[in-house]
There are 2 protein chains.
Amino acid sequence: MGQGEYELLWSDRPRPGRGRPSGLTRERIVAEAVAIADTEGLHKVSMKHLAERLGSGVMSLYRHVPGKDELVVLMYDSLMADPVDLPAAESWRDVLLHWGRAVMGMFRAHPWAVTVGTGHRTMGPGEAGWVDEVLGRLTAVGLPADLGLMAVLTVDCFALGAVRPEIGGADSSAQFFQFLADPGIRDRFPHLSRLAPAAADSDDLIEDYFEFGLNRVIDGLEQYLEGNR
Amino acid sequence: MGQGEYELLWSDRPRPGRGRPSGLTRERIVAEAVAIADTEGLHKVSMKHLAERLGSGVMSLYRHVPGKDELVVLMYDSLMADPVDLPAAESWRDVLLHWGRAVMGMFRAHPWAVTVGTGHRTMGPGEAGWVDEVLGRLTAVGLPADLGLMAVLTVDCFALGAVRPEIGGADSSAQFFQFLADPGIRDRFPHLSRLAPAAADSDDLIEDYFEFGLNRVIDGLEQYLEGNR
DNA sequence: CTTATTAGCGTATGTCATACGCATCGTTCG
DNA sequence: CGAACGATGCGTATGACATACGCTAATAAG
């Protein structure tokens, strides 16, 4: 599987001079699939539906994409095809902050990518471009690339985990605490139940949670990196 | 979707006195499905395959589980049906360390759960039990539950993100840097390429990465919580 | 113009989840 | 003790899905 995915993501597919020119392109297919996933959800991305949207026959898609699984991999990497938007920063702390927000922004805009990215560990050119860019920013402000990679990875991990509560929808926690109110259940989870009142306005809490956690994670990295200077 | 999932996970299903007694049980079905996912992968969990393993007809399963999607939700929560294994600890730092390792251990033992848990945000009784337990430990060593919840959430997020690189298999990074060696690609990702030699023995690095990152995250939390005492 | 070469795609196949309805088998009540 | 009841077990049918195969059409190179 691994080998195939690298081929898929990295190999050039030269346009041959000969033969019938293609109306469809891999890029159009992937872009349309992303549009469907964004608006209707990943489970609505079927070859049939996708072909209808593109005004083509179902099997035509297979001339440009090896299969459904590979399409999803391409969809994911395409989200990072454009350079990552990182504001100029003078400290590596700010670089990491901006990096975390950029990654988080991407996941928020494409919730389906959280699931896809989780189960899949092959870096494509898009993702490599993002990582390369942030590593460059970090070295520019004095952080060695090897330490930088660890820091980036840590922030990345956190962002991926942190976007999770947001995906389920805002009212899910309210519903949960409603269940907790049942006496039979409340007694089984005493510590959790004690949080119920505080969690009443937990929407705001979740809203800001990412910034809180991100800053804590970077605090920890800072402490370590300053010590290792 | 949310309402249904809460019903599914939390409602009691009383055994009626009347009627034919059931040979199959929801517990047996879920346990067998977990066994398949562990050994053959989540994509091998089909109703047909599962029924064969259980020696029953396919449609019999639907008497005990509403459908495939619901089965997967039940599989996930069943992983936390047994109490979380947290060694005794005297500092909340150690409690969080043990918590992180416990969560990580669960994901390592059941890699498919990473994908499932990512796309799904309804706490079942199992997960609630784990969270309640760690909150109890934290309050016992003096950390207020509301701060504790944020800390637990942060460690959780990190563990979920950190297990990701491990899932793809050990040699995937080696393969990646092999691609990076190509001159045409190397020039496009200069900072990443400069890491190639250091990443040669990156297996060891990844092996220990979780402990490194976990400690950094807890450092950051510590700094914040000490300040807020 | 001919031919090589590629794209477009209809049809067929196999897999999957699952709705429906019937047969079956303890339990419970008359 | 037997008959009605109510739940379970499950075969069959259906519809969605990915995709292998092979034919047709379009175009550029010679």
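Residue numbering restarts at 1 for every chain, and letters A, B, ... go by the order of the sequence lines. Since the structure is predicted, the reported quantities are computational estimates derived from the model, not experimental observations.
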**Message:** Could you go through B/Arg188 and A/Glu133, starting from their C-alpha distance and side-chain angles, then the distance that decides it, and tell me whether this counts as salt bridge (charged side-chain N to carboxylate O under 4.0 Å, His left out)?
**Reply:** CA-CA 10 Å; B/Arg188 286 169 56 200; A/Glu133 176 65 25; over 6 Å; no
**Item:** Short side-chain to backbone donor-acceptor contact, A/Asp132 and B/His191, under 3.5 Å
**Value:** yes
**Complete:** Winner on side-chain proximity to B/Ser46, out of C/dC29, C/dA4, C/dA17, is C/dA17
**Distance, rounded to the nearest Å, where B/Lys48 contributes NZ and C/dG14 contributes C1'** = 11 Å
**Message:** Whole angstroms only, please: what is the CZ-P distance between B/Arg63 and C/dT18?
**Reply:** 15 Å
**Item:** Short side-chain N/O contact from B/Lys68 to OP1 or OP2 of C/dA17, under 4.0 Å
**Value:** yes
**Item:** Separation of B/Glu70 CD from B/Glu7 CD (nearest 0.5 Å)
**Value:** 12.5 Å
**Prompt:** Which nucleotide, C/dT18, C/dC9, C/dT5, lies nearest any side-chain atom of A/Arg18?
**Reply:** C/dT5
**Message:** Need to verify one output field. Residue with the more 5' nearest nucleotide on DNA chain D, B/Gly23 or A/Met59?
**Reply:** B/Gly23
**Request:** Using a heavy-atom cut-off of under 4.0 Å over every strand shown, decide if A/Ser22 touches base, sugar-phosphate, or nothing.
**Result:** sugar-phosphate
**Message:** Less than 4.0 angstrom between a side-chain N/O of A/Ser56 and OP1 or OP2 of C/dG8, yes or no?
**Reply:** no
**Request:** Please report, rounded to the nearest Å, how far the P atom of C/dA17 is from the NE2 atom of A/His43.
**Result:** 17 Å
**Request:** Evaluate the side-chain contact (heavy atoms from CB on, under 4.5 Å) criterion for residues A/Trp10 and B/Asp182: first the C-alpha distance (whole Å), next the side-chain angles of each, then the deciding distance (0.1 Å), finally the verdict.
**Result:** CA-CA 11 Å; A/Trp10 289 93; B/Asp182 182 293; over 6 Å; no
**Message:** Without decimals, in angstroms, what is the distance between B/Glu70 CD and C/dA17 P?
**Reply:** 12 Å
**Message:** Output the rounded distance in Å from NZ (B/Lys44) to P (C/dA17).
**Reply:** 12 Å
**Prompt:** Rounded to the nearest 0.5 Å, how far apart are CZ of B/Phe210 and CE of B/Met104?
**Reply:** 5.0 Å
**Request:** Side chain of B/Pro21 only, please: which of C/dC20, C/dG26, C/dG8 is the nearest?
**Result:** C/dG26
**Side-chain donor/acceptor of A/Tyr76 to backbone N/O of A/Gly124, under 3.5 Å** = no
**Asked** To the nearest 0.5 Å, what is the distance between CE (A/Met47) and OH (A/Tyr62)?
**Response** 3.5 Å
**Between P of C/dA17 and OH of B/Tyr62, the distance in whole Å** = 6 Å
**Prompt:** Just the endpoints, please: which first and last nucleotides of DNA chain D, 5' to 3', lie under 4.0 Å from a heavy atom of chain A?
**Reply:** D/dA18 to D/dA29
**Request:** Nearest whole angstrom, please: distance from the P of C/dG26 to the CZ of B/Arg20.
**Result:** 7 Å
**Message:** Does B/Gly57 reach a base, just sugar-phosphate, or nothing at all? Heavy atoms under 4.0 Å.
**Reply:** sugar-phosphate
**Message:** Does a side-chain N or O of A/His64 approach OP1 or OP2 of C/dG8 to a distance below 4.0 Å, or not?
**Reply:** yes
